[in-house]
Structures are given as structure tokens and as C-alpha cells.
There are 2 protein chains.
Amino acid sequence: MNIYDIAELAGVSIATVSRVVNDSPRVSEKTKQRVRAIMEENGYTPNVFARGLGLDSMKTIGIICPDVSDSYMASAAFHLEGRLHEYGYDCILCCSGSRQENKEKYVSLLLNKRIDALILVGSTYAGEGGDDRKADYVRNAAKTVPVFMINGYIKGDHVYCAFSDDYGATYDVASQMIEAGRRRILFLCDSHSYSANQKLAGYEAALKDHGLPVLGDLKLYVKNRIHSVRDILLERRDLNFDSVLATDDGLAVGAIKYANAKLLKIPEELCITGFNNSALSICCDPELSSIDNKVEELCAITTDQMMAVLRGEEKPVAQKSQVPCRLVKRCTTDF
Amino acid sequence: MNIYDIAELAGVSIATVSRVVNDSPRVSEKTKQRVRAIMEENGYTPNVFARGLGLDSMKTIGIICPDVSDSYMASAAFHLEGRLHEYGYDCILCCSGSRQENKEKYVSLLLNKRIDALILVGSTYAGEGGDDRKADYVRNAAKTVPVFMINGYIKGDHVYCAFSDDYGATYDVASQMIEAGRRRILFLCDSHSYSANQKLAGYEAALKDHGLPVLGDLKLYVKNRIHSVRDILLERRDLNFDSVLATDDGLAVGAIKYANAKLLKIPEELCITGFNNSALSICCDPELSSIDNKVEELCAITTDQMMAVLRGEEKPVAQKSQVPCRLVKRCTTDF
DNA sequence: CTGAAAGCGCTAACAC
DNA sequence: GTGTTAGCGCTTTCAG
């Protein structure tokens, strides 16, 4: 059943059918009704490929993240898909891992698929270790379709970034820890992404602003595996810390396990905060205070901006949108 | 840059270029090389829409799950995407929730998008509460494209199901509990899906086979929220149980929290098992023994079968593939 | 307000 | 081994 069949049944030309499908105003209400009825009866739906060929768009958005099995990204994917679907778009989801080569491959693959826009979830796409040129492939992609980053920032034409205030979040938490009497805050981290660097910067700034030294051995970079974090902490007897600021809940739970293993009282002897406010934080014992970085809000901002861009609205949309984080206090902090 | 441009630059016809693109054997190696070089130079990639129009396929697989932010489904999405990508397919991901109406809507939406195959993740698509007709929309979809279910089963032409042996898993665990001296096993569940029913059946069969009564009040259906599970258990003082068989790790963690709140010794006074072997199970305290239901393996089976079907291979592929589960023993069991 | 016809870029059957 | 050509189903001028 194609447009010709409908045209014939309705006794009009295919042009008219097409106009009805696209709800063009230049068709009389009467014929619209008639054609619509016939389409309904015959369960006609336009062929998306033919449509794509003509319009050069299939109303699909490409989403790339390193790994959807990560709860933060899974949550992002969920919210993005839900909202985009409401706007009539579908999502192609890709998991690129974190190797530069694969990220680039996926981006070009999606570009070839003629997506209408690209969403990059996670700050790994903003270039690691401060090397800004590693994000050039993103800027290039942005020459073809608008690119939206979630929780990362790079400067570039047609790239729109929404991220949480990781700097402010760690600055505040570290400050509160210090003001509550903590002097040796362990910064526990698992990456060198844009976001991780922001968190580090907030932590360091808080130390400085409170007249505390920034010590290299209190910045610990480890793999994000609960047991391995616990074991590393157990082994590193040289480390001397009275609090832990972790950049991810998994790391923080590792610290909790460490404290429990050493029979340290939480939060009295060791105060701990995590990041992402994930399911892990209410699962562990004691339950973890965690910084909520508001994925859902980032997704909302992103999709709204995207629609504004795709619809070519007048007023320019912000290329940088920051949303504040919020510490959800549970049992591992005493401030 | 389209096929005509390349043809002109290479001094051949578009047919030849097309043949080169599709690596047809009926082109001389020499011209292949030449045409390829030109395509390379000009960064040519065939237009997927035009291609789709001709072939009626864009090499995309539709994946529907109730909610990717759930760790089981996120993990499934991750593995499926990874494997399908290796086979040259992309994935359109949709989260349908669990309302019948939305499931049907998403299925027809994807069908209109001319996906090459459909994957349904989660047993909710197999019809709830044993009403098999609720799965008719799946059978209908299967008239258009092959349908693959992960962790659910319905009978139907062109629908291929891979699921874990939930029945066997709960049968075994319940049996072991009983043989270890437990007499009152609480069955903790949050749904009436195909999979949940299998688990229940396994549990009940184990009780019967060991001469134990199947008690209605030891089958508890609750919402899958850790704290609410704990609170319900705390409130239900009438409930008398010495072990918990939960159909999801989240539920099991709720039971752990309950035991901890009542200062019950785990596993001595309360032995607990979860399901899915998720991150939660190593996060809680004590760490949870959990049934690993092998998502990755299900995904592998599914994608392999799908390729066999899509390639129209000779030998028929199984419509029912069951993989055994495995109890990962941690600290909440003593058998 | 409606119709005719020219693409959109590619595939594949058919010639040579 | 290569070229010609007719679709694939829709959108969109351009006429009327």
C-alpha cells in the first residue's frame, strides 16, 4: 500500500495525498478528511525510506555513550529516549567505549546514517587529560548536524553542552568537610575526563581557600571496582586520611567497605561522599551521602534545546548550560 | 557527492560503482581498486536512504525494553548493541514502560521504521498473568520481521526466544535452603511476568518435592524499592520466615536491610538470595548471594540466531533456547 | 486548491 | 566485465 494506491482510491493525485500526510494548509478540509479516512481504512503509513530520501531526514537522533550498562548513562539514555520520543524522534544508541578511535568511528557511522542530531553522553567525549584537539572530531561532526553534549564541555560551533556544576559540588562538599574539622580529604577518582578534572579542581580550590595544602598522595586514581578500591585502600597503609571525596558512588562504596573492614566508625572516623546518587548509595551500609548530578534535568535541557535548534527557532540557544548539583545527605557524613 | 559523481570521476557507469560498493564479484579487480581509490579520496559514502529505498532495509534492529535505566536491561542493551554492531547493524532503542498500550504502540512504530528485526527485552512482553492473547501483537509483528525475545517465551511463527532457566534456578535454591534446614522460605516478588511466574513455579515445586506446604502468606508481592521492602517486612509482624528467596537483587537488599534493622544474624537467622547478580549484590552488607541469569549469554545466543535468520541460513534455528542460571554464593547463604 | 512531472541516490534486471 | 535503464515511494516546484 503506497501513496499511489491511496491517491487512486481517493480519486486525487499523489501530490494531494502527500500534502495530507504532511498536513499542508493548502488542501481543502473536505479532501483532507476523505483522504485521511482512506489512509486509515487501509492502514497506510508512508514509507520512511522514500520520505528520508526526499527530506534527507528520518527523524532519528544518534546517542553515543561509552557504556549503557553504567547506571548514569543508562539513566541518561532512558530520559533522553523518553523525551525525544515525545517529540517524534527515535534514537539510535551506540556504546563507543572510551578509546578515541572507536569514538570517532561511531560518530562518522552515525553521520552516515543521516541522523538529525547527535548526543554525546559523558565527559569522555570532551577530550581526556585536557587535550582539546582530541575533541576535534566532535567539532567536525557539528559541521554536519548539531551536537549536544551531556555532562561535558567543549567550545565549538553548533555544539551545545549541558553539564552539572561538578566543580561547585566538590568545592562545597570539600569545604563543608573542612569546616566540620576534616583535614585530610582523600580524593578518589577513576578517570581524567573533563568532568573528573572539574571535580578535582573544585576539591583543590576548597583546600586552598581554607589554607590547606594540596597533597599529591591524597589524590588517588583507581579502577572503579568496589572490591579493588577497598583492597587498595587496605594495602596503602601510608595513606593517612580522615575523609573521602569520591567522584563516583562505586568508589565511595569501596571506601565504605574499607572502613567496615578496618572497623572504622562512619562518619566519625571516616566521612565519605559519593557522586551520582545511584542505587548503590542506598544499598550499602551505612547508606552513602552522594552528590546528585541531575541527569534527568540535563536530559530535559538538552532535548528542549535540540528541538529549538532543529526547528530553527529565532532566538539563539545557549551553548553552555550548567545545572547545580545537590548533596543528598545520608549516613556517611556528619555535616 | 553521490554515485553519479564517483562514476564520472572514475570514468565508469553508476552500476559499476554500485557493484564496487557492494563488493560484487563481477567487477575486475583493477576497476575495483580504481573506483575505491576515488571514493576514498572524495570521502564518498552511499546515501543510506536511497539504499534503504531500494533494498527495503537500513540494517537496523529495533530493541524494546520496559526501562533501560534498570540494570538488567541496561546490560542487555549494552551487549546487544555491541554484538549487533559487529554484524553491521545499528540499534534503535525504545523504552516502552509496562503498559500494554505503549508496548503495542512502540512495536508498530518500529515496524513502520522498517527495522530488520525486533528484540523484546524482558518477560513483560510475553503477556502478564498468563494471558497469552496479550502477546498477540508480538505474533503479528512477527509476520513482518523476525522477533526475538530475551528472557521471555511465547509460541509463534518467526518468534525466537532465549531465556534463562528461572524455574530451575529457584527450584535449586529453594531445595538447597530446605535441605539446609530452612522451613519457611519467603518468596519475594515484584511482578507477574512470565519470568516471575517461572520463578514462583520453581519455588513451589521445590516445596512440594520436599513435602513442605505452599503457604499463601509466604508469597509476597511488593514494589521494587529497597526501603519500602524493608519497611513492609518490618511492619508485617505476622510473617514468619527463616529465609528469603527474592526475584530481584533490589528486593533481596530490602530483606537484608530488614534483617539488619532487626539485628537478625545473616545467614544464620535469615538466609537470603537475590536474582540478577547485579552491582547491588556486592554493594550491600553482608554481600548478597545472587542468581546470575546470564544476560550476556542470552544476548549472544539471540544475536547469533538473528544473523542466522536474517541471512536465511538453511538449518532452522531454535525457537526456544534455555540457558541455566548459576547461584553466585556470597555471604547471605550458608549452603 | 489540485495535478503533472521532475527529481532524491541507489539497486538490479537486462543487454551487450 | 560493464553499461543502460527502470523502478523504489515520496516531496516539491511549477502550472493551472
Side-chain angles (χ1 to χ4, degrees), chain A residues 1-39 42-60 88 111-116 144-145 310 312, chain B residues 1-39 42-60 88 90 111-116 144-145 310-312:
Chain A
M1 182 66 47
N2 62 27
I3 202 172
Y4 292 94
D5 301 325
I6 299 297
E8 186 154 2
L9 288 172
V12 295
S13 73
I14 59 163
T16 298
V17 177
S18 175
R19 289 192 187 100
V20 172
V21 166
N22 295 289
D23 202 24
S24 156
R26 334 194 293 174
V27 184
S28 74
E29 206 47 48
K30 230 173 78 183
T31 52
K32 249 186 200 175
Q33 306 262 297
R34 186 156 43 91
V35 174
R36 283 220 183 91
I38 303 217
M39 300 197 308
N42 296 273
Y44 166 76
T45 41
N47 180 303
V48 284
F49 298 144
R51 205 142 196 238
L53 230 203
L55 300 174
D56 201 37
S57 155
M58 248 180 69
K59 295 261 238 175
T60 51
L111 254 27
N112 287 338
K113 280 257 174 176
R114 308 279 177 145
I115 51 172
D116 295 292
T144 310
V145 295
L310 291 180
Chain B
M1 182 67 45
N2 62 27
I3 201 173
Y4 292 94
D5 300 325
I6 299 297
E8 184 155 4
L9 287 172
V12 296
S13 74
I14 60 162
T16 299
V17 177
S18 176
R19 288 191 187 102
V20 173
V21 166
N22 295 290
D23 201 24
S24 155
R26 335 193 292 176
V27 184
S28 74
E29 206 48 51
K30 230 173 78 184
T31 52
K32 250 187 198 173
Q33 305 263 296
R34 187 155 45 89
V35 174
R36 284 222 182 88
I38 302 219
M39 299 197 311
N42 296 273
Y44 166 77
T45 41
N47 180 305
V48 284
F49 297 144
R51 210 150 192 226
L53 230 203
L55 300 174
D56 200 38
S57 153
M58 247 182 69
K59 295 262 240 176
T60 52
D90 293 320
L111 254 28
N112 286 337
K113 279 256 172 177
R114 308 281 177 142
I115 51 172
D116 295 292
T144 311
V145 294
L310 291 179
R311 287 173 187 153

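Just so we're on the same page: letters track the sequence lines, and every chain starts at 1. Every heavy atom of this structure was used, including side-chain atoms; hydrogens, water molecules and symmetry mates were not.
Phosphate proximity of D:dG1 to B:T31: absent, as no side-chain N or O sits under 4.0 Å from OP1 or OP2. Dashed line: the shortest gap from a side-chain N or O of B:S18 to OP1 or OP2 of C:dC10 is not under 4.0 Å.
Among the atoms of the strands shown, only primed sugar atoms or phosphate atoms (P, OP1, OP2) are found under 4.0 Å from some heavy atom of A:R51. A:V12 comes within contact range of the sugar-phosphate backbone alone, with a heavy-atom separation under 4.0 Å but no base atom that close.
Checking D:dC10, C:dC10, D:dG3 against the side-chain heavy atoms of B:R19 singles out D:dG3 as nearest. Of the candidates D:dT2, D:dC10, C:dC10, the closest approach to any side-chain atom of B:N2 belongs to C:dC10. Among the nucleotides C:dC10, D:dC14, D:dT11, the one closest to the side chain of A:N22 is D:dT11. You'll find that the side chain of B:L53 is closest to D:dG9, out of D:dT13, D:dG3, D:dG9. The side chain of A:S13 approaches C:dA4 more closely than any other nucleotide in the set D:dT2, C:dC10, C:dA4.
If you find the closest nucleotide of DNA chain C to A:I14 and to A:E29, the one lying nearer the 5' end belongs to A:E29. The nearest heavy atom of DNA chain D to B:A50 and to B:A15 marks one nucleotide each, and the one closer to the 5' end goes with B:A15.
Whole-Å rounding puts the B:I3 CD1 to C:dA12 P distance at 11 Å. Per the geometry, CG belonging to A:N47 stands 18 Å off P belonging to C:dC8, to the nearest Å. Remark: C1' of D:dT11 and CZ of A:R26 are 12 Å apart, rounded to the nearest angstrom. If you take CG of B:D56 and P of C:dC10, they are 17 Å apart, rounded to a whole angstrom. Whole-Å rounding puts the A:M39 CE to D:dC10 P distance at 11 Å. In this structure, B:M58 places its CE atom 16 Å from P of C:dG9, rounding to the nearest Å. As rounded to whole Å, 17 Å separates atom P of C:dC10 from atom NZ of B:K59. Atom pair B:D23:CG and C:dT11:P shows a separation of 13 Å (rounding to whole Å applied).
Contact check for A:Y44 versus A:I3: side-chain heavy atoms found under the 4.5 Å cut-off. By the 4.5 Å heavy-atom criterion applied to side chains, A:F49 and B:L55 are not counted as neighbours. A 4.5 Å side-chain heavy-atom check between A:K113 and B:D90 finds at least one atom pair inside the cut-off.
Residue side chain B:Y4 does not reach the base of C:dC8 through any donor-acceptor N/O pair under 3.5 Å, judged by distance alone.
Counting non-hydrogen atoms of neighbouring residues, nucleotides and ligands closer than 6.0 angstrom, the CD atom of A:E8 reaches no more than 12 such neighbours.
A salt bridge links B:D56 with B:R114: the closest approach of a Lys/Arg side-chain nitrogen to an acidic carboxylate oxygen falls below 4.0 angstrom.
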